[in-house]
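Taking it in order: structure first as structure tokens, then the write-up.
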Amino acid sequence: MSAESTPGPGIPGDTGTSGASSRGKGKRRKPQRRRKGLMITAWTAAGIVVIGGAGAGYLYFQLNGNLKSVDIDQALGADRPKKADNGSENILVLGSDTRSGSNKKLGGGTDDGGARSDTAMIVHIYKGHKKASVVSIPRDTLIDRPACTDTQGTEHPAAQNAMFNSAYSTGGAACAVKTVESITDLRMDHYLEVDFAGFQKLIDDLGGVEITTTKSIDDPDSHLKLKAGTHTLDGRQALGLVRTRHGVGDGSDLGRIQLQQAFVKALVSQIKDVGVFSNPKKLLDLAETATKTVTADSDLGSVNKLASFANGLKGISPSDMHMITMPVVYDPADPNRVLLQKKKADRIWKALENDKPIPGSATSGTATGEAKGVVSAP
């Protein structure tokens, strides 16, 4: 599986940087044109299901049949970090990018029968469910991937200096969860996955999402062209925005993550004001699309369970969300890859383990992508 490169200027690592040190100095590859899926935060995807479940109860069995689930607990067994006892929860949310079906039509590329995790975020819900921290994991991070068993029972060997997103393409959801837990030593209480074909339809069903750009964006690779100003993006434009790299910031995947984070905040801000309760057709369309789009862990694999979970998150507003990127630096041996700044990252994982705010020192002096502030909610 060929992964998208992350071009960008070399940034010196610190003593906490981990990764391969024996590779020869690489040359920057020409960025490859790639399709980008979107990760939607847990409460956004689940919140739409809440709306559908609450207002269209007679369609419960139809909606319930749409949902797909994976039994993460059975695949991973007992050798996992302990569940937190402080009232907090961690959710791994992935955006998958297959090359089949409607995703192939949207994204192009070869249908190899597989799927890729184009975007990954750890969503930490604090005790009381009033605030959240969201940590994006760059897909190009070089990590030591643990051995894992997928949900079909197939065993996959460990790999050193592997791309983070290779965990999902190798062993699916179970391997992705195990890899995140091995990096963070945090238990992932839940898993949610959204594919980008479903994401585009969700945005269209919502009637678009309003954002403001401080700079013009013109990226032929993602087919997005926006002048600076306020725009209501339809599904295809929104998909283009979260795939955009080359026309914003330093052209890296890290800059794309910053655009995604800003878009998610705009989406969360708008979703409460779309008037679905007074519009039965919109309500049904959203419920249908959301339940067909989301794959959840088996603990959330029904409309009732997902609705109950989302009800506990509906009080979290964009101002209550702290969104960061896992501390990384560009690999001096290959600027198309990034390396984990382990000492800084450990401050994040320790803070989340103890249900504390993430310290600013954990993200200072890291590679950023230089696209912060380009997109915001109006």
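Just so you know, these numbers use all the heavy atoms, side chains as well, and skip hydrogens, waters and symmetry mates.
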Any heavy-atom pair between the side chains of L352 and L186 that's under 4.5 Å?
yes
Please test Q261 against S136 for side chain to side chain donor-acceptor pair (under 3.5 Å), starting from the C-alpha separation and ending with a verdict.
CA-CA 8 Å; Q261 291 173 343; S136 296; 2.8 Å; yes
Can a donor-acceptor pair be found, under 3.5 Å and without considering hydrogens, that links the side chain of D320 to the backbone of S317?
yes
Closer than 4.0 angstrom, basic N to acidic O: yes or no for D253 and R256?
yes
Distance from Q237 atom CD to I211 atom CD1, nearest 0.5 Å?
9.0 Å
Y168 versus E193, side-chain donor and acceptor atoms under 3.5 Å:
yes
Where T214 and G373 come nearest, the two heavy atoms and their spacing:
OG1-O, 3.1 Å
I257 side, atom CD1; I324 side, atom CD1 - distance, nearest 0.5 Å
11.0 Å
So, does Q74 use its side chain to make a donor-acceptor pair with the main chain of D71 at under 3.5 Å?
no
Any side-chain heavy atom of V375 sitting closer than 4.5 Å to one from L241?
yes
Heavy-atom pair of closest approach, residues K127 and D355:
N-OD2, 3.1 Å
Criterion side-chain contact (heavy atoms from CB on, under 4.5 Å) against L224, the qualifying member of V242, D218, I217
I217
Hey, does the side chain of D144 reach the backbone of N161 with a donor-acceptor pair shorter than 3.5 angstrom?
yes
Is there a donor-acceptor contact under 3.5 Å from the side chain of T213 to the main chain of K227?
yes
Could you please spell out the steps behind the side-chain contact (heavy atoms from CB on, under 4.5 Å) verdict for L306 and L67?
CA-CA 10 Å; L306 196 56; L67 280 170; 4.3 Å; yes
Between K265 (side chain) and M321 (backbone), is there a donor-acceptor pair under 3.5 Å?
yes
Find out whether V180 and F164 are in side-chain contact, i.e. whether some heavy atom of one side chain is under 4.5 Å from a heavy atom of the other.
yes
Separation of S88 OG from R187 CZ (nearest 0.5 Å)
12.5 Å
Quick one: CG on L202 to CG on L239, what's the gap to the nearest 0.5 Å?
12.0 Å
Main chain of K342, side chain of R347: is a donor-acceptor contact present, judged purely on distance under 3.5 Å?
no
Please collect all salt bridge (Lys or Arg N to Asp or Glu O under 4.0 Å) contacts where either partner lies in residues 290-312, sequence neighbours excluded, each pair once.
E288-K292
Inter-residue atom distance T289.OG1 - K201.NZ, 0.5 Å rounding
3.0 Å
Testing V135, I358, N354, D185 one by one against W349 for a side-chain contact (heavy atoms from CB on, under 4.5 Å), which residue passes?
V135
Which residues share a side chain to side chain donor-acceptor pair (under 3.5 Å) with D189, sequence neighbours left out
none
Main-chain N/O of E353 paired with N86 side-chain donor or acceptor, under 3.5 Å:
yes
Taking side chain as C-beta onward, heavy atoms only, is V294 less than 4.5 Å from L192?
yes
Mind checking whether R80 and V177 have side chains closer than 4.5 Å, heavy atoms only?
yes
Between T184 and I122, is any pair of side-chain heavy atoms under 4.5 Å apart?
yes
Verify the neighbour count for atom NZ of K83: are there more than 12 heavy atoms of other residues, nucleotides or ligands below 6.0 Å?
yes
Whether D219 and R243 form a salt bridge (side-chain N of Lys/Arg under 4.0 Å from carboxylate O of Asp/Glu) is what I want to check.
no
Between D346 and K350 (salt bridge meaning N to carboxylate O under 4.0 Å), is one present in this structure?
no
Could you tell me whether the side chains of T212 and T230 share a donor-acceptor contact shorter than 3.5 Å?
yes
Is the backbone N or O of T368 less than 3.5 Å from a side-chain atom of Q258, with the two atoms forming a donor-acceptor pair by type?
yes
Closest approach of V329 and A367, non-hydrogen atoms and distance?
CA-CB, 4.2 Å
Of the non-hydrogen atoms in T366 and T363, which two are nearest, and what is the gap between them?
OG1-O, 3.1 Å
Go through it in stages, so that I can follow the logic: the residues are I91 and Y191, the test is side-chain contact (heavy atoms from CB on, under 4.5 Å), and I'd like the CA-CA distance, side-chain angles, deciding distance and then a yes or no.
CA-CA 6 Å; I91 305 101; Y191 170 84; over 6 Å; no
To the nearest 0.5 Å, what is the distance between CG on L340 and CD1 on I143?
9.5 Å
Taking the side chain as everything from C-beta on, heavy atoms only, tell me whether I316 gets closer than 4.5 Å to K130.
no
Between A176 and A167, the two heavy atoms sitting closest are CA-CB, 4.1 Å
What is the minimum heavy-atom distance between G235 and D204, and which atoms define it?
N-OD1, 2.7 Å
With H190 as partner, the option from V123, I72, L300 fulfilling side-chain contact (heavy atoms from CB on, under 4.5 Å) is L300
Is it the case that atom CG in D85 sees more than 12 heavy atoms from other parts of the structure closer than 6.0 Å?
no
If you count every heavy atom of other residues, nucleotides or ligands that lies below 6.0 Å from K356 atom NZ, does the total exceed 12?
no
Check whether any side-chain N or O of E181 sits under 3.5 Å from a backbone N or O of P81 as a donor-acceptor pair, and report yes or no.
no
Criterion side-chain contact (heavy atoms from CB on, under 4.5 Å) on L254 and V328, from CA distance to verdict:
CA-CA 10 Å; L254 300 178; V328 294; 4.1 Å; yes
Side chains of R145 and S166 only: does a donor on one sit below 3.5 Å from an acceptor on the other?
yes
Quick check: does any side chain N or O of Y330 sit under 3.5 Å from a backbone N or O of R337, one acting as donor and the other as acceptor?
no
How far apart are the C-alpha atoms of M323 and M121, what are their side-chain angles, what is the distance that settles it, and do they pass the side-chain contact (heavy atoms from CB on, under 4.5 Å) test?
CA-CA 10 Å; M323 305 188 79; M121 289 185 180; 4.1 Å; yes
Taking the side chain as every heavy atom from C-beta outward, state whether I203 and L233 have any pair of such atoms under 4.5 Å apart.
no
